[in-house]
Amino acid sequence: MAMLFHDEHDDRRGLPRSLGPRLRREAREARPAFSPEFQARLLAGLEAGPRRPTPRAGLVAAAEPGVSAGWRPLAALAAGLAGVAAVAALAVILPGVQPAAPGAGEGPAAALHAAQTALPAVTEPAELPAIVLLPLYDEIEAGLRDGVRTLAESLVELPDWASLAEFDAAGLLGAAVGPE
Amino acid sequence: MSDDDQLDDGQLARRAATGSVKAFATLAARHQVGVVHYLRQLAGRAGRHDADDVAQDAFLRAWRAIDRYDPRWAFSTWLFTIARRTWLNHARAERRRRVRETAAAPLASGGGDPGQTALVVERASRLWGRAAAELSERQFTALWLRYVEDQSVAEIAAVLKEPAATVKVILFRGRRRLAPFVQHWME
């Protein structure tokens, strides 16, 4: 599999070794110049939009009048933090209770275990992934699609641009290696 | 040189996350050319103006989401993810618009001096232009991030939201589809 990435092996696969260098060279030759006009237009857009509050202030800002629907990510953040806090509260309320084995009986231990097992698998980082740590919203979207309903996810409002992931839905959920 | 100019991307992003427009503007200035270049090539000759508009939109989206940027990733990786998805959103909306329109008008070929525009596009129109025409968006983006942005497989995988192994296959297939054109031009 490593050979597929390293294009220095291209000649062994019948591909021209010049392909990579040529792609780089042509892109370099066509590289546009920095545009002060583009930057000025962007700056105007940044300053004209609603002033982006700090993450903690967003809990209040989301409820302020005049905050556009585009600030849904802040509401999602607030809801996500609330959800994570609720899960964390379960662990605080039930200290020293050993997680019950799957299928164990009822009671607080089983409820905590159910909440813990319902959380999405954490690969990195090791700590509970708060919404603020997730680099992209697709993790939430993917979890919902898979039908994994967690305490935090049930409270999260999808940000408006999560819908962009719909374009990749077929590719994202498809086989890792499928037809071209 | 301002204080912000001496900060790395992660430091600027942290400062921008506190509300500093100036810090984000510095970030945007650093990455403007890379994002615009990618989107213009992806859009092709007819979509240059669209590409610039999409680039603006992408930066504004990045600004609104800056507090969610994870510094474990390179800022360019995060930014290219947003740029790509913003482009896909735009492309979908355009497809819907064209379906609705009974007579599709040709897209604007860009402003400025037509001769200069043609000259700029012509330099890239051979191999990357062919790539934009022949490859899937995923293949194009993967090749672009690999050969132009020098991103790693892990970073490309993050942008495309694909496993690393899939990225390698995407890269291979993209190169394979472009190979005949290189060989032809070298004859």
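Reminder, nothing fancy here: chain letters follow the sequence lines and each chain counts from 1.
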Contact origin within [X] toward chain A - heavy atom pairs under 4.5 Å:
{"X": "B:D57", "answer": "neither"}
{"X": "B:V148", "answer": "side chain"}
{"X": "B:A164", "answer": "neither"}
{"X": "B:Q56", "answer": "both"}

For the pair A:S35 and A:Q39, evaluate side-chain hydrogen bond (donor to acceptor under 3.5 Å, both in side chains) and give the outcome as yes or no after the intermediate values. CA-CA 6 Å; A:S35 168; A:Q39 186 69 6; over 6 Å; no
Using the rule given for ring-ring contact (aromatic ring centres under 6.0 Å, His included), can you reason through B:W128 versus B:F140, listing the C-alpha separation, both sets of side-chain angles and the distance that settles it, and then say yes or no? CA-CA 8 Å; B:W128 282 112; B:F140 180 96; 5.5 Å; yes
Report yes or no: do B:F24 and B:L7 belong to one cluster of Ile/Leu/Val/Met/Phe/Trp/Tyr joined by side chain heavy-atom distances under 4.5 Å? yes
Ion pair A:R41/A:E37, N-O distance below 4.0 Å: no
Taking 4.0 angstrom as the limit, do B:R14 and B:D67 come out as a salt bridge? no
Contact origin within A:L43 toward chain B - heavy atom pairs under 4.5 Å: side chain
